[in-house]
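Reading through the structure tokens given below for one structure.
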There are 2 protein chains.
Amino acid sequence: MHETAAATHDEVRLGALANSLGFLLRLAQLTNFSDFYAAFDGTGIRPGEISVLMLIGENPGIRQGVLARRLMIKRAHMAKMIAAMEADGLVEKSVPEADRRGVELRLTPKGRARVAQAQPIFARLDAVSHRGLTPREEQELKRLLRKYLEIDSQSDGREAQP
Amino acid sequence: MHETAAATHDEVRLGALANSLGFLLRLAQLTNFSDFYAAFDGTGIRPGEISVLMLIGENPGIRQGVLARRLMIKRAHMAKMIAAMEADGLVEKSVPEADRRGVELRLTPKGRARVAQAQPIFARLDAVSHRGLTPREEQELKRLLRKYLEIDSQSDGREAQP
DNA sequence: GGAATTTTGTTTCCAAGTAGACAAAATAGA
DNA sequence: TCTATTTTGTCTACTTGGAAACAAAATTCC
């Protein structure tokens, strides 16, 4: 029996979307997230939480607005995340004398322990999440994404030391 | 005056995250989305809506479960999106005789008009969203993402014709 | 043929994230 | 000084998406 135009066998024509950067990025991110959740299964660690903790660990005293801008999420949402993490004892806030509007963030020992717990899982995930790509291609993919995002891979955004 | 360890000037050290595929994909997707919203400003067209409409247009009669799987969203959410689009008169459902559990989707004339309206904006967006990349690099980025996703760029997921 | 299982879509409730208004503190401008 | 603007974080809705339970139809297994 001949097939009609209706899609069968889960085969889906993507048409113009197959060449859309946004569409490809969205699917790639969802794919990677599912790898993340598989790797961190049972730990209760989520992508948003661990990336915030890692950035605070790398940048002690960072302001939450700066963190929100770098992670491209809204300050309102960052406020909620930080409040929850503070309630969990992962992060501590301090109000700097120089500008009492702001809040400086630092990891507590428990927060540092959480990052340390995640580190090996994170490393293993990154070593296995290649999917169809060769290691060489994955490096190239990351390089292109960093260039797209205008992230300087070596300096990690650190200021030059005079 | 010498700086403390606290991050100033919005400079944020990314540390290990700068080499994390998931982190880079997330930021890239958010960046691209903001380009999308800028390009489609005023039209009321959102990424999820237009991608669903385009896929239905390319695959008349597609089942909503198949669509959900391809877009990597949950059937529950797809049901809500389709219900809203049907209420807007963009999509029509029909129950196939062969399997009365399922629902086949097709665009209405209004749905086709919406896709036609989006097409030039979409094309222009795709031509301008390069950011730091050269056109050559953007093509390579898309190729790597398709390979990561195991999407066959030429066939668009279409079955081979015997 | 008829009960168990699976598939498909839906419904309800919950979590993640955004939008916009707000208050407090800092800064700019006369 | 002292008002006006800006910056920073927060609060209250609202939107988007997922988890789990459910119903109806199809399929499997005897």
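In the text below, chain A, chain B and the rest are named by the order of the sequence lines, each starting its count at 1.
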Euclidean distance, atom CD of residue E104(B) to atom C1' of dG9(C) [Å, nearest integer]: 14 Å
Short side-chain to backbone donor-acceptor contact, T108(A) and L90(A), under 3.5 Å: yes
Sub-4.5 Å side-chain heavy-atom contact between P60(B) and E104(B): no
Salt bridge (Lys or Arg N to Asp or Glu O under 4.0 Å) against R75(A), all qualifying residues, sequence neighbours excluded: none
Sequence neighbours excluded, every pair satisfying ring pair (Phe, Tyr, Trp, His ring centres under 6.0 Å) that has a member inside residues 44-86 of chain B: none
Comparing V103(B) and D99(A) on DNA chain C - which has the more 5′ nearest nucleotide: V103(B)
Near-strand residues of residues 40-56 of chain B, defined as heavy-atom separation under 4.0 angstrom from DNA chain D: R46(B)
Test side-chain hydrogen bond (donor to acceptor under 3.5 Å, both in side chains) applied to Q29(B) - qualifying residues, sequence neighbours left out: none
Pairs flagged by salt bridge (charged side-chain N to carboxylate O under 4.0 Å, His left out) wherever residues 21-38 of chain A is involved - sequence neighbours left out: D35(A)-R131(A)
DNA chain D: 5'-proximal contact among Q64(A) and R101(A) (nearest heavy atom): R101(A)
side-chain contact (heavy atoms from CB on, under 4.5 Å) partners of D126(A), counting only residues at least two apart: K142(A), S20(B)
side-chain contact (heavy atoms from CB on, under 4.5 Å) partners for K93(B), two or more places apart: Q64(B), I82(B), E86(B), V103(B), L105(B)
Interatomic distance where CD belongs to E97(A) and C1' belongs to dA25(C) [whole Å]: 12 Å
Near-strand residues of residues 72-91 of chain B, defined as heavy-atom separation under 4.0 angstrom from DNA chain D: I73(B), K74(B), A76(B), H77(B), K80(B)
With sequence neighbours excluded, residues passing salt bridge (Lys or Arg N to Asp or Glu O under 4.0 Å) with E137(A): R143(B), K147(B)
Spacing between Q29(B) atom CD and dG17(C) atom C1', to the nearest angstrom: 13 Å
Of all pairs that satisfy side-chain hydrogen bond (donor to acceptor under 3.5 Å, both in side chains), the ones with a partner from residues 36-56 of chain A, not counting sequence neighbours: E49(A)-R114(A)
Nucleotide range of DNA chain D lying under 4.0 Å from chain B heavy atoms: dT16(D) to dA26(D)
Set of residues satisfying side-chain contact (heavy atoms from CB on, under 4.5 Å) with respect to D99(B), sequence neighbours excluded: R63(B), R101(B)
